[in-house]
Amino acid sequence: MSASDLEVAYGGVPAGKEDVYSKQPVLSARKLVITFGRVVGLDGVDLDLYPGEVLAVIGDNGAGKSTLIKCLTGAYVPDSGEITMSGQPVHFKKPQDAREAGIETVYQQLAVIPALDIASNLYLAREERRKGPLGSVLRMLDKKGMERRAGDAVQNLGIQTIQNMGQAVETLSGGQRQAVAVARAAAFGSKVVVLDEPTAALGVKESGMVLDMVKQLRDKGQSIILISHNMPHVWEVADRIHIQRLGGRAGVITPQTHDMGEGVAIMTGATKLSQDSAA
Amino acid sequence: MTADVSSAAAEFARRQQSPLQRIQHQLHGRPWLSPLFLLFVTFVAFFIATPTFLTANSMGILLQQTAVVAALAVGQTLVILTAGIDLSVGAVMVLSMMVMATLTKDGGMPGVLGLLIGVALAVGAGAINGLLVTRINLPPFIVTLGTLSIFTAIALLYSGGESIQQEHLPGLLNALGNDFGIGKFRLTWGIVVVIAIYAVMSFVLSQTAWGRYVYAVGDDAESARLSGVPSKRILLAVYTVAGLVYGIAAWILIGRAGAATPNAAPTANLDSITAVVIGGTSLFGGRGRLIGTLIGALIVQTFDFGLSQMGVNQQWRVLATGLLVIIAVAIDQWIRRVKA
């Protein structure tokens, strides 16, 4: 069964969005395999992320969610298989490669520096220097400029929860820190934003805030991969849901065609998606 | 965050703060204020205790005595900002000094060449520390505890345990001990070099991406790495730059001591750490300012110098320094518990 057959068979196209899914995926993986000694991490996984959609990746512990994401973000190098971005094959040796190709990841442990302010965090590892000899010879940072542009970027993303760019991140709440991390991933024209369990450590209200932010980003055309254990959150924001099971893709469903119970059943292997049951 | 006018939290935010809380807030925002205050108190105390303390002559000597520890403390600050510790500072400096002196003794080698080799050796020693920390993933404490012994032993073996007096050394190596007058003050060129080191490193730490990475790696190495900061390269660079600073400190020490002695500066390690800690730099990394370290170094030396002016037994001076560290860190912990 070819990849496009799978797509059809598992009915992963939301109604009314057929035009989006006739386009080329912004990120696509084919038959990814990775093994750790005798343990098979990924057993020929396919994944497609289309422009401007939220693709949720769900799966039980050990199903290969994290492994799949790490292959897509350069943290692991797959043993075999192919990853393409907008049709072009890419080979990531390290996270920085994926980042340079336009895949930004917000890790579960957030990867923000508490002691640095918001602007410094947004620009961390992509600092801009001053113009002229102050920047080129003395390597002076353009602190004011970065702070201003960080503020603009956050405004453009529609993130209202963070205001003062000079505020140290350690003074922010968990949800605000998450917002900084997401803004950092989305603010610089990235093609794909990967969110790893963005609501895992948050309360109800703050989770809602982060989910709103995800929707806003999507509405601005950002392609997002969302890894989550939280089914209500997934069903709230996802356009399509990639279900990972036993190192392979059990199927791709949508919140419209399948309810949470069915999704969990596929995830745990209680039901199998077949051509008959697909929408 | 903008305060919500109606909320109870906003009421709480507008509450009257006690004077102590206000001081705590100020200190939290400006961590170098408390060492500056401590320095001021120390000065006043010694001025009252001994009339000869606050004279131009004494102040000149105080600054000259501070130069070596202040220089070492720059390297120590860099390492501690990355949440490390360097116990080998004194050993690297002495090794570098003995190599400079032995190579150039009685015209054996031109001063410039000996100086460059000595400094290069210190850079190499720093790089060895850095490589052991980054490549073999050993804790900095263990690495530098080991290299402390190794470099000390090499310095003693290489020099045969013999001191080399300054009259056997080329003028260049003694140059930083030469003094000049500003009004009544006698300052050495070593002091000028130390001020230059502070100026350059303060700029690098506060104005460049590299400086920002040093703080980021020290605050949260894993997050920094995930953010794309080349953590290991930064760590290696920090230990190497620290080595460079220790090499320059060796040059200052020859001028200051008037000789190259293999068992010179026995308290350099602890004094440099004390200066950094009193200066408000956190031993957990990621927080601190170089200006604080300079003030810290001045405090350490002022204590030592003031007490010796008062004719107090050496052991009391050591005891006082110990108390100073504990009090400084206790204040630091208190400041960190500030309520937003």
Side-chain angles (χ1 to χ4, degrees), chain A residues 70 73-75 94-100 104-130 134-135 137-143 146 160-164 167-173 175-177 180-181 184-185 188 194 196, chain B residues 1-4 7 9 13 25 28-31 80-83 199-234 237 280-289 332 335-340:
Chain A
K70 282 180 174 161
T73 58
K94 54 183 188 294
Q96 196 64 23
D97 296 344
R99 213 175 161 204
E100 276 160 20
E104 287 281 346
T105 311
V106 178
Y107 296 93
Q108 206 171 346
Q109 63 269 42
L110 281 185
V112 287
I113 308 296
L116 294 183
D117 62 36
I118 295 171
S120 304
N121 267 288
L122 286 183
Y123 275 92
L124 191 62
R126 58 175 140 229
E127 285 83 0
E128 288 169 9
R129 293 199 207 126
R130 287 212 196 176
L134 282 179
V137 180
L138 293 178
R139 313 205 145 225
M140 246 178 121
L141 293 176
D142 182 11
K143 289 186 179 179
M146 283 193 284
Q160 280 102 30
T161 49
I162 46 180
Q163 301 275 345
N164 176 8
Q167 202 175 353
V169 165
E170 64 195 339
T171 63
L172 302 178
S173 70
Q176 288 172 319
R177 287 188 199 201
V180 171
R184 180 184 142 73
F188 298 94
V194 179
D196 188 4
Chain B
M1 264 201 301
T2 47
D4 183 349
S7 79
H25 255 270
H28 189 253
R30 299 172 188 78
I80 290 182
L81 276 177
T82 65
V200 170
M201 285 317 298
S202 291
F203 176 86
V204 170
L205 278 179
S206 67
Q207 299 297 330
T208 71
W210 190 85
R212 204 169 260 186
Y213 296 165
V214 170
Y215 284 92
V217 169
D219 200 25
D220 190 336
E222 181 61 10
S223 288
R225 191 185 66 79
L226 290 173
S227 302
V229 173
S231 299
K232 300 223 156 176
R233 274 211 335 252
I234 296 294
T281 296
S282 168
L283 282 173
F284 304 107
R287 286 146 224 266
R289 297 272 303 275
D332 184 52
I335 294 169
R336 276 175 215 297
R337 283 199 301 272
V338 68
K339 292 195 178 71

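Here is the naming used below: chain letters follow the sequence lines, and residue numbers restart at 1 for every chain.
In this structure, chain B has no heavy atom under 4.5 Å from any part of A:Glu128. The contact between A:Arg184 and chain B is made entirely by side chain atoms (from C-beta outward), counting heavy-atom distances below 4.5 Å.
Judged by distance alone, the side chain of B:Asp219 and the main-chain N or O of A:Ala115 form a donor-acceptor pair under 3.5 Å. A side-chain donor-acceptor contact under 3.5 Å links A:Asn121 to the backbone of A:Ile113.
Of the listed residues B:Gly218, B:Ala216, B:Ala224, the one with more heavy-atom pairs under 4.5 angstrom with chain A than any other is B:Ala216. The choice from A:Leu138, A:Thr105, A:Asp142 that makes the most heavy-atom pairs within less than 4.5 Å of chain B is A:Leu138.
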Quiz item: Given the rule in the salt bridge (Lys or Arg N to Asp or Glu O under 4.0 Å) test, do A:Glu170 and B:Arg287 qualify, once you have shown the distances and angles that lead to the verdict?
Solution: CA-CA 12 Å; A:Glu170 64 195 339; B:Arg287 286 146 224 266; 2.9 Å; yes
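Under 3.5 Å, the side chains of B:Glu222 and A:Tyr107 contain no donor-acceptor pair of N or O atoms.
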